[in-house]
Amino acid sequence: MPDLSLLKSAAPYHLISYGTLLGSQVFQSFIGGIVAYRALPRPQFSSLQQAIVPIYFSMQAALPVILALTYPGERTAIGSRPSGLSGVLEQQNRLHVLTPLLTILVTGLANLMAVGPATTRIMKERKHQETRDGKRSYDAGPHSKEMQILNQRFGRMHGVSSLLNMATGLATIWYGMVLAERLQ
């Protein structure tokens, strides 16, 4: 029987939060999004992504805060180092703990608060333009000048979101490597 007193410490919540963050990133980026894009007609895929992506970005913004709050202090032969936010802010942890957590937080917030909503607005504008043009944005050309501009804007914003998501993923892996090193 496992020692249930461990549940009183932050360690299991830290690991569960990290696993949730990494798992959701891998699933959304490499499995769920790709499978949905291939399996669903474009309008249904768009509706699904509009429902899932804000939750995904919210998780990317919230989980690094939980990771910082539950950061496990280091135990050494001569004592222990602070845990939680004070441990994250310690000088020796700033590069390998604080930096990836801040990167995850900032990129997640950028996608949640700015890039994601801007992309959604452009998608809605394209939908209205489709009605005016009588042609879908993803149909073969030629497209109206307005649709060409909207398609370019969407492509740019989607690209920015993808780059932010990639930075979030790399920072999450970096932080995971720091955790793994501490467990050796």
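Hydrogens, waters and symmetry mates play no part in the numbers below; they use all other heavy atoms, side chains included.
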### Task
Would you check, one step at a time, whether the test side chain to side chain contact (heavy atoms under 4.5 Å, CB included) holds for Leu112 with Gln60?
CA-CA 9 Å; Leu112 177 65; Gln60 287 184 332; over 6 Å; no
### Task
Give the intermediate values and the outcome of side chain to side chain contact (heavy atoms under 4.5 Å, CB included) for residues Met147 and Lys135.
CA-CA 10 Å; Met147 184 60 80; Lys135 185 177 192 176; over 6 Å; no
### Task
Applying side chain to side chain contact (heavy atoms under 4.5 Å, CB included), run through Met123 and Gln50 and close with a yes or a no.
CA-CA 10 Å; Met123 287 171 54; Gln50 286 180 45; 3.1 Å; yes
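In this structure, Phe154 is a member of the same hydrophobic cluster as Val160, with clusters built from ILVMFWY side-chain heavy atoms closer than 4.5 Å. When hydrophobic clusters are built by joining Ile, Leu, Val, Met, Phe, Trp and Tyr residues whose side-chain heavy atoms come closer than 4.5 Å, directly or via intermediates, Met113 is not grouped with Leu164. Hydrophobic clustering, with ILVMFWY side chains joined whenever heavy atoms are under 4.5 angstrom apart, groups Phe57 together with Ile55. Put simply, Leu21 and Ile52 are part of two different groups of oily side chains (I, L, V, M, F, W, Y) that touch within less than 4.5 Å, one to the next. A chain of hydrophobic side-chain contacts below 4.5 Å, direct or via other Ile, Leu, Val, Met, Phe, Trp or Tyr residues, connects Ile66 to Tyr56.
Two residues are said to be in side-chain contact when any heavy atoms from C-beta on lie closer than 4.5 Å; Ile104 and Leu63 fail this criterion. Between Asn93 and Val88, every side-chain heavy-atom pair lies at or beyond the 4.5 Å cut-off. Met157 is not listed as a side-chain neighbour of Pro117, based on a closest heavy-atom distance of 4.5 Å or more. Taking the side chain as every heavy atom from C-beta outward, Glu181 and Val178 never approach each other to under 4.5 Å. A heavy-atom distance below 4.5 Å is not found between the side chains of Glu146 and His128. The side-chain heavy atoms of Ser144 and Gln148, taken from C-beta on, include no pair separated by under 4.5 Å. Put simply, the side chain of Ser47 does not reach to within 4.5 Å of the side chain of Gln44, judged on heavy atoms. Inter-residue side-chain proximity for His14 and Leu179 is flagged as met; some heavy-atom pair is nearer than 4.5 Å.
Using a 30° and 60° split on the angle between ring planes, Phe45 and Tyr37 fall in the perpendicular class, above 60°. Ring geometry for Tyr18 versus Tyr175: interplanar angle of 30 to 60°, hence tilted.
In this structure, the separation between CD1 on Ile122 and CD1 on Ile149 is 12.0 Å, given to the nearest 0.5 Å. With rounding to the nearest 0.5 angstrom, the NZ atom of Lys145 is 12.0 Å from the CG atom of Leu150.
The salt bridge (charged side-chain N to carboxylate O under 4.0 Å, His left out) search around Arg153 returns Glu125, not counting sequence neighbours.
Across all non-hydrogen atoms, the minimal contact from Arg126 to Ser137 is CZ-OG, 3.6 Å. In this structure, Tyr138 and Pro43 approach most closely via the heavy-atom pair OH-CD, 3.7 Å. Between Ser17 and Leu67, the closest heavy-atom pair is CB-CD2, 3.8 Å. Contact record, Gly108 with Thr168: N-OG1, 4.2 Å, taken as the closest heavy-atom pair.
A donor-acceptor contact under 3.5 angstrom links the side chains of Thr172 and Gln25, judged on distance only. With no hydrogens or angles considered, a side-chain donor-acceptor pair links Asn165 and Ser29 at under 3.5 Å. In this structure, a donor-acceptor pair under 3.5 Å is present between the side chains of Gln129 and Arg132. Remark: the Glu90 side chain and the Ser86 side chain contain no N/O donor-acceptor pair separated by less than 3.5 Å.
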Side-chain polar contacts of residues 96-103 - donor-acceptor pairs under 3.5 angstrom, sequence neighbours left out - could you list them?
unit_1: Thr99; atom_1: OG1; unit_2: Arg94; atom_2: O; d: 2.9
unit_1: Thr99; atom_1: OG1; unit_2: Leu95; atom_2: O; d: 3.3
unit_1: Thr103; atom_1: OG1; unit_2: Thr99; atom_2: O; d: 2.8

